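Predicted model only: the values in this text are computed from it and were never measured. One-based numbering along the sequence shown.
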Amino acid sequence: MHPLRSLILAAAGNDAIRRLVATAPVSRDVVRRFVAGEQTSDAIDVTRELVASGRSVTLDHLGEDVADAEHADQNVRAYLELLDALHAEGLAPKAEVSVKLSALGQKLGERLALANASRVCAAAEQCGTTVTLDMEDHTTTDSTLRVLAELRRSWPSTGAVLQSYLRRTFDDCKSLAGSRVRLVKGAYAEPDSVAFDGHEVDLSYVRCVNALLTGDGYPMFATHDPRLVRIVAERARWYDRKPGTYEYQMLFGVRQEEQRRLAREGETVRVYVPYGSQWYGYLMRRLAERPANTTFFARALVSHS
């Protein structure tokens, strides 16, 4: 793993650094580059703007690794409030939600996570949209896929997320290629025994692109890498996939002009929009994915603290 990426991911679990970042005067402006805001109304405002520009949205209420059932229930209620707001604003056809099972009590047991995820999926269905289950570190992969399989019994459109840096993912892509699958590179610190590193991650991503396009499902390619965007476009043409039978996904605040370009060309582009007060871990993983962002962030902290 790149030394800087390792350092950033270590900082994600450091309380002293978290307090520094959270209290620095510039943090609000810097975080706003990647996070829609802390309230449901902030998420709705950003969604409205993105949809008006021709893009679709997936919304993530930030919060993970909850340690008690009450906190998990609070996260469920936040999603229910969000879904109601999307429906009321007429945004649900263009906006789904992304859910981390660790935010719904996965560490307390799969049954609790499944029950809470079912509440979110049922509400999403009533509001005219759907849910994608975010993938977290490799220790949760099997559990997340088991919960996904149960959810799909009632809500078959529930989306999966697979990470190309895991050595197992090509096989998972072949198994899930007939369904909604978001392919990402991966953003957690993982041991070499289970994960690729460096260029191998990109090679795995391309193998997984081919596996997903071969199936009759709906692949969602989450990448900001210009080379991978071009490869996805070429492979989609090779497999005679028309725009609308797959989509690109990018993070809020990253490569916005590229998002607009793809949308203008008729491609479906979905923007991953996080919101909520628990933004620190998310921000650290985004910096780790693209360490060049760290220079921008560090200079801002030094010049304003």
- [ ] Rounded to the nearest 0.5 Å, what's the gap from CD on Gln106 to CG on Asn116? Could you check?
- [x] 11.5 Å

TODO: Let me see the working for Val120 and Val97 under side-chain contact (heavy atoms from CB on, under 4.5 Å), right down to the final yes or no.
DONE: CA-CA 9 Å; Val120 178; Val97 297; 4.2 Å; yes

Open item on the list: Taking Asp142 first and then Arg168, would you say they form a salt bridge - that is, a charged N and a carboxylate O separated by under 4.0 Å?
Closed with: yes

- [ ] Examine distances only and state if a side-chain atom of Ser118 and a backbone atom of Leu114 form a donor-acceptor pair shorter than 3.5 Å.
- [x] yes

Task: Met220-Val161 co-clustered via ILVMFWY side chain contacts under 4.5 Å - done: no

Task: Stepwise side-chain contact (heavy atoms from CB on, under 4.5 Å) test for Val194 and Glu190 - done: CA-CA 7 Å; Val194 302; Glu190 302 284 15; 4.2 Å; yes

Open item on the list: Under 4.5 Å between side-chain heavy atoms, counting indirect links through other Ile/Leu/Val/Met/Phe/Trp/Tyr residues: same cluster for Val35 and Val46 or not?
Closed with: no

Open item on the list: Determine whether Arg264 and Glu257 satisfy the following criterion, salt bridge (Lys or Arg N to Asp or Glu O under 4.0 Å), listing intermediate values before the conclusion.
Closed with: CA-CA 10 Å; Arg264 286 195 301 269; Glu257 184 49 45; 3.2 Å; yes

- [ ] Inspect the contact between Glu234 and Arg237 and indicate whether a charged nitrogen and a carboxylate oxygen are less than 4.0 angstrom apart.
- [x] no

- [ ] Please check if any side-chain donor atom of Ser53 sits under 3.5 Å from a side-chain acceptor atom of Arg260, or the reverse.
- [x] no

- [ ] For Asp171, enumerate each residue passing the salt bridge (charged side-chain N to carboxylate O under 4.0 Å, His left out) test, keeping only those at least two apart in sequence or located in another chain.
- [x] Lys174

Task: Worked check of side-chain contact (heavy atoms from CB on, under 4.5 Å) between Leu145 and Met135 - done: CA-CA 9 Å; Leu145 292 178; Met135 193 62 77; 4.0 Å; yes

TODO: Please name all residues satisfying ring pair (Phe, Tyr, Trp, His ring centres under 6.0 Å) with Phe221, sequence neighbours left out, ordered by chain then number.
DONE: none

Task: Sidechain-backbone polar pair: His224 side chain, Leu251 backbone, donor-acceptor under 3.5 Å - done: yes

TODO: Supply the atom-to-atom distance Asn210 CG to Arg207 CZ, rounded to the nearest 0.5 angstrom.
DONE: 10.0 Å

Open item on the list: Measuring only between side-chain heavy atoms, which start at C-beta, is Arg152 closer than 4.5 Å to Leu176?
Closed with: yes

Open item on the list: Is the shortest side-chain heavy-atom distance between Asp84 and Tyr79 below 4.5 Å?
Closed with: no

Open item on the list: Run the salt bridge (charged side-chain N to carboxylate O under 4.0 Å, His left out) test against Asp225 and tell me which residues pass, sequence neighbours left out.
Closed with: Lys185

TODO: Could I get the full list of salt bridge (charged side-chain N to carboxylate O under 4.0 Å, His left out) partners for Arg48, not counting sequence neighbours?
DONE: Asp45, Glu89

Open item on the list: One pair to check against side-chain hydrogen bond (donor to acceptor under 3.5 Å, both in side chains): Thr58 and Ser98. What are the steps and the verdict?
Closed with: CA-CA 6 Å; Thr58 185; Ser98 288; 2.6 Å; yes

Task: 4.5 Å side-chain heavy-atom contact, Glu136 and Thr140 - done: yes

TODO: Give the cluster check for Val229 versus Tyr239: same hydrophobic cluster or not, with ILVMFWY residues linked at side-chain heavy-atom distances below 4.5 Å.
DONE: yes

Open item on the list: Can you confirm whether Val57 sits close enough to Leu86 that some side-chain heavy atom of one is under 4.5 Å from a side-chain heavy atom of the other?
Closed with: no

Open item on the list: Which heavy atom of Arg235 sits nearest to which heavy atom of Val209, and what is that distance?
Closed with: CB-CG1, 4.1 Å

TODO: Any chance you could pull the hydrophobic cluster mates of Val66, using side-chain heavy atoms under 4.5 angstrom and chaining through other members?
DONE: none

- [ ] Report yes or no: do Leu203 and Tyr165 belong to one cluster of Ile/Leu/Val/Met/Phe/Trp/Tyr joined by side chain heavy-atom distances under 4.5 Å?
- [x] no

Open item on the list: Please determine whether side-chain hydrogen bond (donor to acceptor under 3.5 Å, both in side chains) holds for the pair Gln163 and Thr169, giving the CA-CA distance in whole Å, both sets of side-chain angles, and the decisive distance to 0.1 Å.
Closed with: CA-CA 6 Å; Gln163 301 162 309; Thr169 296; over 6 Å; no

Open item on the list: Would you compute the distance between atom CG of Leu83 and atom CD of Glu125 and round it to the nearest 0.5 angstrom?
Closed with: 12.0 Å

Open item on the list: Could you check whether any side-chain heavy atom of Thr158 comes within less than 4.5 Å of a side-chain heavy atom of Thr132, counting everything from C-beta outward?
Closed with: no

Task: Shortest non-hydrogen contact between Val131 and Glu96, atoms and distance - done: C-OE1, 4.3 Å

Task: Evaluation steps, side-chain contact (heavy atoms from CB on, under 4.5 Å), between Met250 and Tyr272 - done: CA-CA 6 Å; Met250 296 186 184; Tyr272 188 99; over 6 Å; no

Open item on the list: Could you tell me if the side chain of Lys242 sits less than 4.5 Å from the side chain of Asp240, heavy atoms only?
Closed with: yes

Task: Electrostatic pair Glu70:Arg77 at N-O distance under 4.0 angstrom - done: yes

Open item on the list: Using the rule given for salt bridge (Lys or Arg N to Asp or Glu O under 4.0 Å), can you reason through Arg119 versus Asp73, listing the C-alpha separation, both sets of side-chain angles and the distance that settles it, and then say yes or no?
Closed with: CA-CA 10 Å; Arg119 293 166 62 191; Asp73 184 65; 2.8 Å; yes

- [ ] Say whether, by atom type as modelled, one donor and one acceptor occur between the side chain of Glu38 and the main chain of Gln278 under 3.5 angstrom.
- [x] no

TODO: Report whether Leu162 and Val147 are members of the same hydrophobic cluster (ILVMFWY, side-chain heavy atoms less than 4.5 Å apart, transitive linking).
DONE: yes

Task: Derivation of the side-chain hydrogen bond (donor to acceptor under 3.5 Å, both in side chains) call for Thr130 and Ser157 - done: CA-CA 7 Å; Thr130 190; Ser157 65; 3.0 Å; yes

TODO: Taking the side chain as every heavy atom from C-beta outward, state whether Leu62 and Tyr275 have any pair of such atoms under 4.5 Å apart.
DONE: no

TODO: Ignoring hydrogens and angles, state whether a donor on the side chain of Glu258 or Tyr248 is under 3.5 Å from an acceptor on the partner side chain.
DONE: no

Task: Closest approach of Tyr188 to Lys100 (non-hydrogen atoms, all atoms of both residues) - done: OH-CE, 3.9 Å

Task: Pairwise distance CZ(Phe170) to SG(Cys208) - rounded to 0.5 angstrom - done: 7.0 Å

Task: Residue among Val271, Asp60, Leu59 satisfying side chain to side chain contact (heavy atoms under 4.5 Å, CB included) with Phe252 - done: Val271

Open item on the list: Please find the pair of heavy atoms, one from Ala43 and one from Thr47, that lie closest to each other, and give the distance.
Closed with: O-OG1, 2.8 Å

- [ ] Not counting sequence neighbours, list each pair that qualifies as a side-chain hydrogen bond (donor to acceptor under 3.5 Å, both in side chains) and has a residue in residues 213-222.
- [x] Tyr218-Glu247

Task: Backbone of Ser164 reached by a side-chain donor or acceptor of Ser204 within 3.5 Å - done: yes

Open item on the list: Can you tell me how far apart NE2 (His138) and CG (Leu166) are? Round to the nearest 0.5 Å.
Closed with: 8.0 Å

Task: Taking every non-hydrogen atom, the tightest pair across Val99 and Leu104 - done: CG1-CD1, 3.3 Å

Task: Side chain to side chain, Lys107 and Asp65, heavy atoms closer than 4.5 Å - done: yes

Open item on the list: Which heavy atom of Ala222 sits nearest to which heavy atom of Arg182, and what is that distance?
Closed with: CB-CG, 4.0 Å

TODO: Rounded to the nearest 0.5 Å, what's the gap from CG on Leu212 to CZ on Arg241? Could you check?
DONE: 8.5 Å

Open item on the list: For Arg261, is there an ion pair with Glu265 - N to carboxylate O distance below 4.0 angstrom?
Closed with: yes

